[in-house]
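The next block holds one structure in the form of structure tokens; read it before the comments.
Note that the coordinates shown come from a computational prediction; the quantities given were computed from them, not determined experimentally.
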Amino acid sequence: MAKALGMIETKGIVGSIEAADAMVKASNVSLVKQEKVDAALVTVLVQGDVSAVQAAVETGKEAAEKVGELIGHHVIPNPDDETNDLLSKEEKAKQTTEKQTTKPKVSDNSEGETSPKEEESTQKTTSKRRQSSSSTKQKSNSNS
């Protein structure tokens with residue numbers, strides 16, 4: 001059985017968070033995602049049984065209007081499989097992009113290259129050795 005899809009669009013993130021919280025508390029729905037659509041527009045999507053989604057969207061509308069600006073709302077009682085696929089593809093693409101951007105860079109020092117951190121440590125050590133050597137020479141010159 002296909003799940004209904006409910007959407008609420010607000011101007012600003014505060015209204016969207018308030019709407020999302022109210023929707024999941026009011027009915028037996030699950031939060032599909034929250035998406036920033038444009039500069040200030042945020043859409044919250046929930047899914048569940050048709051009556052639960054309708055009740056959730058009504059509650060979410062009221063909650064969003066109390067703290068922000070409600071732009072729009074809609075319930076799709078029986079979304080096509082391709083619509084659900086569209087949402088899941090967008091989510092997978094977003095997760096893949098996030099993994100690629102947060103993946104730590106592994107430096108390849110196999111060719112004898114040093115990382116900036118190693119280079120900085122080497123420079124500090126060399127500088128300390130020079131200062132120590134210089135002060136030792138000054139002491140020996142003053143004693144002779």
Side-chain angles (χ1 to χ4, degrees), residues 1-139 142:
M1 181 172 150
K3 294 181 177 179
L5 183 65
M7 298 163 274
I8 286 186
E9 190 165 271
T10 64
K11 187 172 185 178
I13 196 160
V14 174
S16 73
I17 292 173
E18 182 70 17
D21 186 54
M23 288 193 290
V24 295
K25 286 179 179 173
S27 297
N28 187 20
V29 294
S30 60
L31 192 59
V32 175
K33 68 178 176 177
Q34 177 193 48
E35 185 163 341
K36 294 174 188 162
V37 178
D38 200 5
L41 299 180
V42 184
T43 302
V44 177
L45 291 98
V46 295
Q47 67 180 14
D49 293 338
V50 175
S51 60
V53 169
Q54 288 173 334
V57 168
E58 287 300 316
T59 304
K61 283 171 31 184
E62 294 170 10
E65 287 175 329
K66 285 182 184 174
V67 297
E69 186 178 340
L70 177 69
I71 301 298
H73 62 90
H74 189 64
V75 174
I76 301 175
N78 187 19
D80 192 85
D81 289 341
E82 290 186 31
T83 305
N84 289 326
D85 290 346
L86 174 71
L87 294 173
S88 64
K89 284 179 186 175
E90 287 179 2
E91 192 63 30
K92 285 179 184 174
K94 188 175 180 181
Q95 289 173 352
T96 302
T97 304
E98 287 175 0
K99 283 182 182 177
Q100 289 174 346
T101 56
T102 58
K103 189 176 179 180
K105 291 182 178 180
V106 177
S107 64
D108 182 11
N109 289 335
S110 62
E111 297 178 8
E113 296 176 6
T114 57
S115 69
K117 203 170 191 175
E118 291 172 341
E119 204 166 353
E120 182 180 336
S121 176
T122 303
Q123 288 175 349
K124 285 181 180 177
T125 304
T126 305
S127 176
K128 285 182 182 177
R129 285 184 185 158
R130 285 184 185 155
Q131 287 175 350
S132 175
S133 173
S134 172
S135 65
T136 305
K137 285 181 183 176
Q138 288 176 350
K139 285 181 183 177
S142 64

*asked:* Run the side chain to side chain contact (heavy atoms under 4.5 Å, CB included) test on V50 and Q54 for me, step by step, so that the C-alpha distance in whole Å, both residues' side-chain angles and the decisive distance to 0.1 Å come before the verdict.
replied: CA-CA 6 Å; V50 175; Q54 288 173 334; 3.8 Å; yes

What distance separates [X] [atom1] from [Y] [atom2], expressed to the nearest 0.5 Å?
{"X": "M23", "Y": "E18", "atom1": "CE", "atom2": "CD", "result": "10.5 Å"}
{"X": "H73", "Y": "T10", "atom1": "NE2", "atom2": "OG1", "result": "13.0 Å"}
{"X": "H74", "Y": "L5", "atom1": "NE2", "atom2": "CG", "result": "8.5 Å"}
{"X": "T59", "Y": "D21", "atom1": "OG1", "atom2": "CG", "result": "11.5 Å"}
{"X": "I71", "Y": "L41", "atom1": "CD1", "atom2": "CG", "result": "5.5 Å"}

*Assess whether atom CG of N28 is packed by more than 12 heavy atoms of other residues, nucleotides or ligands within 6.0 Å.*
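Counting neighbours around CG of N28, 12 or fewer heavy atoms of other residues, nucleotides or ligands fall under 6.0 Å, so no.
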
*asked:* Tell me whether D49 contacts the main-chain N or O of S51 through its side chain, where contact means a donor paired with an acceptor under 3.5 Å.
replied: no

*Report yes if the side chains of K3 and V29 come closer than 4.5 Å at any heavy-atom pair, otherwise no.*
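Contact flag for K3/V29 side chains = no.
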
*So, do K61 and V57 sit near enough that their side-chain heavy atoms are less than 4.5 Å apart?*
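In short, these two side chains touch, coming nearer than 4.5 Å.
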
Indicate the atoms forming the closest heavy-atom contact of [X] with [Y], along with that distance.
{"X": "V32", "Y": "V46", "value": "CG2-C, 3.9 Å"}
{"X": "P79", "Y": "N84", "value": "CG-OD1, 4.0 Å"}
{"X": "A64", "Y": "L70", "value": "CB-CD1, 4.4 Å"}
{"X": "A4", "Y": "V53", "value": "O-CG2, 3.7 Å"}
{"X": "S27", "Y": "A55", "value": "OG-CB, 3.4 Å"}

*asked:* Just to verify, which of K36, E9, Q34 counts as forming a side chain to side chain contact (heavy atoms under 4.5 Å, CB included) with S16?
replied: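 That would be Q34.
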
